[in-house]
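Here is the naming used below: chain letters follow the sequence lines, and residue numbers restart at 1 for every chain.
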2 protein chains.
Amino acid sequence: MAKAKYQAVADEIRKRILSKIYPTKTLIPDQNTLAKEFGVSRMTVKKALDGIAREGLIYKQSGLGTYVLGDISIKTANDSPADAFNGLTEQQGAERVTSDVIDFSVAFATKDLQAKLDIGANDPVYNILRLRRLEGEPFILEHTFMPVKLVPDLTLSILKSSIYDYIHHELKLKFGGAYRKIHASLPTELDIAHLNATATEPILEVEQIVWLTTGQNIEYSTSRNLFNKRSYTVLDINNI
Amino acid sequence: MAKAKYQAVADEIRKRILSKIYPTKTLIPDQNTLAKEFGVSRMTVKKALDGIAREGLIYKQSGLGTYVLGDISIKTANDSPADAFNGLTEQQGAERVTSDVIDFSVAFATKDLQAKLDIGANDPVYNILRLRRLEGEPFILEHTFMPVKLVPDLTLSILKSSIYDYIHHELKLKFGGAYRKIHASLPTELDIAHLNATATEPILEVEQIVWLTTGQNIEYSTSRNLFNKRSYTVLDINNI
DNA sequence: TAGTGGTCTAGACCACTGT
DNA sequence: CAGTGGTCTAGACCACTAG
């Protein structure tokens with residue numbers, strides 16, 4: 001299937017911005033000019049620019065034009081976006097990530113999990129505790145709960161590689177969204193045992209609910225790492 | 001100035017979702033029906049629905065319809081969104097927030113600040129250290145750097161209330177965006193002195209660059225709080 | 001005043017879903 | 001098959017910015 005026109009236009013404009021054909025802090029051509037150049041209607045150009053503006057690359061001002069914004073000074077290549085659905089294996093590369101499965105069991109949902117996953121008391125839930133390693137080094141301690149009915153036939157070998165890969169490519173399920181809470185916290189016994197945390201070392205934790213496009217909750221999880229191993233980043237574009 | 005039609009339509013649909021006129025986990029009327037009801041074109045309805053979908057309230061699927069999604073189980077009224085531009089006084093209410101100004105000085109930009117704020121070596125920069133209190137209790141230790149040329153005539157009395165209020169309403173400047181990094185970290189001497197942190201208590205820090213719609217960087221800051229006083233939340237809608 | 005982006009329309013074709 | 005949302009067009013009017 002061919003790409004939508006507005007996507008193709010957006011890709012080209014993005015490329016021109018990144019390659020400085022449209023230099024930083026200058027105006028790019030107006031929407032009518034771009035529409036003529038690409039042979040599309042102005043609405044299509046506008047839709048392309050809307051997307052690029054949401055990414056923080058440009059700023060449009062009515063009556064004035066469309067600016068190219070500069071690079072973000074504190075952004076680095078290693079940043080971990082707090083709004084990303086790809087799992088660790090996709091983010092870091094499958095060859096760099098390995099997983100120790102510390103616990104893999106099934107039980108009926110507790111009251112707490114019934115509320116968090118929006119399921120009944122008789123729904124079985126996977127309880128998965130994994131230590132994710134980066135280049136062999138302990139990196140993230142991930143505690144995941146998933147309803148069995150949404151993710152059938154989970155196996156140890158899937159847990160050793162990538163659950164998300166299984167969900168997307170085998171089960172053909174699509175994530176609709178996620179809600180995440182980022183905490184700092186004290187180390188637990190598990191952090192000390194598996195992340196090699198000292199008794200007082202700060203831990204950064206992401207607690208999240210993930211749901212499918214159908215609205216069903218597929219995951220409740222916590223991901224914990226040593227304070228100096230990872231931060232999370234958020235790009236926030238103002239749209240008032 | 002009147003609200004845009006698509007905004008009015010979005011407001012009405014949002015209201016119907018929240019009041020369960022369009023119940024959770026059901027389909028809402030199709031776009032053509034809504035267009036007729038509101039007396040607008042289908043494109044306008046679609047634009048309204050696009051916005052609501054980005055907020056995580058609905059999910060649209062081509063060929064099927066538009067679902068109302070359920071409430072988010074781990075979301076609470078106290079959550080602090082990591083993507084919000086309103087300062088603490090707006091978030092918590094001006095009457096609940098007070099500020100101790102610990103340091104307020106001006107100096108030429110250091111190398112580090114020149115890079116972070118994208119300014120020259122001879123540009124003066126405000127150095128502002130404030131303890132923000134909530135209901136009198138120490139809450140957040142905020143260290144802010146702003147170029148003097150963008151925020152002239154800052155005074156102690158402005159620092160005691162709200163800098164953002166001054167920037168928006170007096171200087172008539174608009175924020176274009178922000179890039180934030182969320183860290184866990186060890187307490188510093190300042191945290192111990194002002195937040196009453198113990199020597200080993202985890203601290204949650206947000207480091208951010210804020211820029212204007214013109215692309216100029218107006219702020220580099222860090223905001224630190226005790227690990228059990230505040231978390232940050234992110235709503236992430238998948239759009240693939 | 002001329003040029004910009006924002007909004008809006010009526011109608012069209014498409015890919016996809018369910019029955 | 002009929003119905004859904006996604007895309008796209010050509011043209012129009014508006015509010016805003018600049019010189």
Side-chain angles (χ1 to χ4, degrees), chain A residues 1-13 17 22 25-54 57-69 172-174 176 212-215 237-240, chain B residues 1-13 17 22 25-54 57-69 172-174 176 212-215 237-240:
Chain A
M1 87 182 160
K3 208 179 296 188
K5 283 192 192 179
Y6 77 91
Q7 282 291 1
V9 171
D11 288 347
E12 175 60 28
I13 293 173
I17 291 169
Y22 296 152
K25 292 174 189 187
T26 61
L27 292 170
I28 71 172
D30 68 275
Q31 296 180 356
N32 277 311
T33 305
L34 290 169
K36 268 179 206 157
E37 185 201 329
F38 290 110
V40 300
S41 75
R42 184 162 79 94
M43 284 289 280
T44 301
V45 169
K46 185 182 178 298
K47 191 164 181 183
L49 294 179
D50 284 347
I52 299 174
R54 265 197 298 278
L57 285 169
I58 58 175
Y59 176 74
K60 292 174 283 147
Q61 187 167 2
S62 187
L64 220 161
T66 301
Y67 279 111
V68 180
L69 295 174
K172 310 279 186 198
L173 297 175
K174 267 199 297 188
L212 301 173
T213 52
T214 58
I237 303 303
N238 204 3
N239 46 7
I240 295 179
Chain B
M1 85 182 162
K3 207 179 298 189
K5 283 191 192 178
Y6 77 92
Q7 282 292 0
V9 171
D11 287 347
E12 175 60 27
I13 293 174
I17 291 169
Y22 296 152
K25 292 175 189 185
T26 60
L27 292 171
I28 71 171
D30 68 274
Q31 296 180 356
N32 276 311
T33 306
L34 290 170
K36 269 178 205 157
E37 185 202 328
F38 290 111
V40 300
S41 74
R42 184 162 79 92
M43 285 289 280
T44 300
V45 170
K46 186 183 177 297
K47 190 164 181 183
L49 294 179
D50 285 347
I52 300 174
R54 267 197 296 279
L57 285 169
I58 59 175
Y59 175 73
K60 292 174 282 148
Q61 187 168 3
S62 187
L64 221 162
T66 300
Y67 278 110
V68 180
L69 295 173
K172 309 280 187 198
L173 298 175
K174 267 200 297 187
L212 301 173
T213 52
T214 57
I237 303 302
N238 203 3
N239 47 7
I240 296 179

For [X] and [N], give me the distance from atom [atom1] to atom [atom2], rounded to whole Å.
X         : N       : atom1 : atom2 : value
Met43(A)  : dC13(D) : CE    : C1'   : 14 Å
Lys174(B) : dC16(D) : NZ    : C1'   : 11 Å
Tyr67(A)  : dC16(D) : OH    : C1'   : 14 Å
Leu49(B)  : dT7(D)  : CG    : C1'   : 15 Å
Asp50(A)  : dG6(C)  : CG    : P     : 7 Å
Gln7(B)   : dA15(D) : CD    : C1'   : 16 Å

Using the test side-chain contact (heavy atoms from CB on, under 4.5 Å), find all partners of [X] that sit at least two apart in sequence or belong to another chain.
X        : result
Thr33(B) : Pro29(B), Asp30(B)
Thr66(A) : Ile28(A), Leu49(A), Ile58(A), Lys60(A)
Tyr67(B) : Leu27(B), Leu64(B)
Leu69(B) : Trp211(A), Tyr59(B)

Does [X] make a side-chain N or O approach to OP1 or OP2 of [N] shorter than 4.0 Å?
X        : N      : result
Lys5(A)  : dT9(D) : yes
Lys47(A) : dC8(D) : no
Thr66(B) : dG5(D) : yes
Tyr6(B)  : dT7(C) : yes
Lys46(B) : dG5(D) : no
Thr44(A) : dT9(D) : yes
Lys60(A) : dG6(C) : yes

| Side-chain heavy atoms of Ile13(B) within contact of Ile52(B), under 4.5 Å |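 In contact.
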I'd like to check the side-chain hydrogen bond (donor to acceptor under 3.5 Å, both in side chains) partners of [X]; sequence neighbours left out, ordered by chain and number.
X         : answer
Gln31(A)  : Arg42(A)
Glu37(B)  : Arg16(B)
Thr213(B) : none
Lys25(B)  : Asp118(A)

| field | Side chain of Arg42(B) (C-beta onward), nearest among dA10(D), dG5(C), dT7(D) | value |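 Minimum distance to the Arg42(B) side chain belongs to dT7(D).
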| The side chain of Asp30(A) lies closest to which of these nucleotides: dT9(D), dT4(C), dT9(C)? |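 For Asp30(A), the side-chain atoms sit closest to dT4(C).
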| query | Using Watson-Crick and G-U wobble pairs whose two distances are both under 3.5 Å, how do you write the pairing of DNA chain D as dot-bracket, with | for links to another strand? | reply | ||||||||||||||||||.
Tabulated below should be each protein N or O lying under 3.5 Å from an N or O of nucleotides 17-19 of chain C; please produce it.
none

| Does the side chain to side chain contact (heavy atoms under 4.5 Å, CB included) test come out yes or no for Arg54(B) and Arg54(A), once each step is laid out? | CA-CA 12 Å; Arg54(B) 267 197 296 279; Arg54(A) 265 197 298 278; 3.6 Å; yes
| field | Non-hydrogen atoms of Ala48(A) and Val9(A) that approach each other most closely | value |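 Between these two residues, the closest heavy atoms are CB-CG1, 3.8 Å.
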| task | Tell me, please, which residues at least two apart from Lys46(A) pass salt bridge (Lys or Arg N to Asp or Glu O under 4.0 Å). | result |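 Per chain and number, Lys46(A) pairs via salt bridge (Lys or Arg N to Asp or Glu O under 4.0 Å) with Asp50(A).
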| task | Would you jot down, in residue-number order, the residues of residues 31-40 of chain B having a non-hydrogen atom under 4.0 Å from DNA chain C? | result |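 DNA chain C contact set from residues 31-40 of chain B: Gly39(B), Val40(B).
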